[in-house]
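Have a look at the structure below before the remarks.
Side chains are part of it too, since the values below use all heavy atoms of this structure and drop only hydrogens, waters and symmetry mates. Every chain is numbered from 1, with letters handed out A, B, ... down the list of sequences.
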2 protein chains.
Amino acid sequence: MEQSEVVEALGALAHHTRIEVFGLLVRAGPEGLAAGLVSDELDMSASTLSFHLKELKHAGLVSAERIGRSQVYRANYGAMSELLTFLTDDCCNGAPECAPLLRKASR
Amino acid sequence: MEQSEVVEALGALAHHTRIEVFGLLVRAGPEGLAAGLVSDELDMSASTLSFHLKELKHAGLVSAERIGRSQVYRANYGAMSELLTFLTDDCCNGAPECAPLLRKASR
DNA sequence: ATCATTGTTCGATAGTTATTGAACTATGGA
DNA sequence: TCCATAGTTCAATAACTATCGAACAATGAT
């Protein structure tokens, strides 16, 4: 993952609503959730949610698929994984003080 | 780390200049770097850098100490560690598909 | 005391992001 | 075909963010 993509992904997650949405989609698992279910769950207007989902999608953190009348959104686990890898390896230079899991693994 | 702090930290890192600055300070190690050395390295104006350092500091990702005429900035490894922990555990719900290091550890 | 160095703050400006409701598109059902 | 449902897009607005250079503080040297 390039730094520019990392910056986009970080920006996409750097918002209360969007980190909630992403977490919800992760918890929903591979089946994903229809946009309407997300907006019900988080109690927000369809158009605002649509805006935020577009941001997440543009950053590559979620994908969308039309199923019937619904747009089903899914978390893109791979993108999150690459983001965490970048933060750990490139940004933190592999420093174990930064990376809780590296510390855990070395115990 | 609270979600609101996580959002702040993500926002602080979600900028080309600031992720560079943070990486530079991580690589500089515990001694840190004077602001002037950072602006030399990244070739930017003092006032713009000062703005970005303030953002990082406000988000808790770096600390500053006056030493002589310099302000020495240091990466806050603990904050980064907490950020990665939040993303892995809370946001990703501990899903191994999200967390490269969890996968690595389980092999 | 005076001056140079090192950074920060301020005001102006430009650009970006978030929110709202109304209009619109696409799909499926009667 | 006509209607209801599910979402997206659009325009307007407000709020926030980034950049610049000039002015300002704080420190250290002469």
Given B/Thr85 and B/Thr88, is the side-chain hydrogen bond (donor to acceptor under 3.5 Å, both in side chains) satisfied, shown in steps? CA-CA 5 Å; B/Thr85 297; B/Thr88 304; over 6 Å; no
Counting N and O atoms only, with roles assigned by atom type, does the side chain of A/Glu82 sit under 3.5 Å from a partner on the main chain of A/Ala79, one being a donor and the other an acceptor? no
Closest contact, heavy atoms only, B/Tyr73 versus B/Leu53: CE1-CD1, 3.5 Å
Would you mind reading off the distance between B/Arg69 atom CZ and D/dT27 atom P, rounded to a whole angstrom? 11 Å
Which residues, if any, of residues 20-32 of chain B bring a heavy atom under 4.0 Å of DNA chain C? none
Taking DNA chain C as the partner, which of residues 34-52 of chain A come within under 4.0 angstrom of it by heavy atom? A/Ser47, A/Thr48, A/Phe51, A/His52
Heavy-atom pair of closest approach, residues B/Met80 and B/Leu61: N-CD2, 4.3 Å
Report yes or no: does B/Ser39 contribute a side-chain atom to a donor-acceptor pair with the main-chain N or O of B/Gly36 at less than 3.5 Å? yes
Work out which heavy atom in B/Val26 is nearest to a heavy atom in B/Tyr77; give both atom names and the distance. O-OH, 3.5 Å
Ignoring hydrogens, what is the shortest heavy-atom contact between A/Met44 and A/Thr17? Give both atom names and the distance. CE-CG2, 3.5 Å
Any residue of residues 53-68 of chain A with a heavy atom less than 4.0 Å from an atom of DNA chain C: A/Arg66, A/Gly68
Treating Ile, Leu, Val, Met, Phe, Trp and Tyr as nodes and any side-chain heavy-atom pair under 4.5 angstrom as an edge, say whether A/Leu42 and A/Val72 lie in one connected cluster. no
Does OP1 or OP2 of D/dT8 have a side-chain N or O of A/Tyr73 closer than 4.0 Å? yes
Linked, directly or transitively: A/Leu25 and A/Phe51 (ILVMFWY side chains, under 4.5 Å): no
So, A/Arg74 side chain and A/Pro30 main chain: donor-acceptor pair closer than 3.5 Å or not? yes
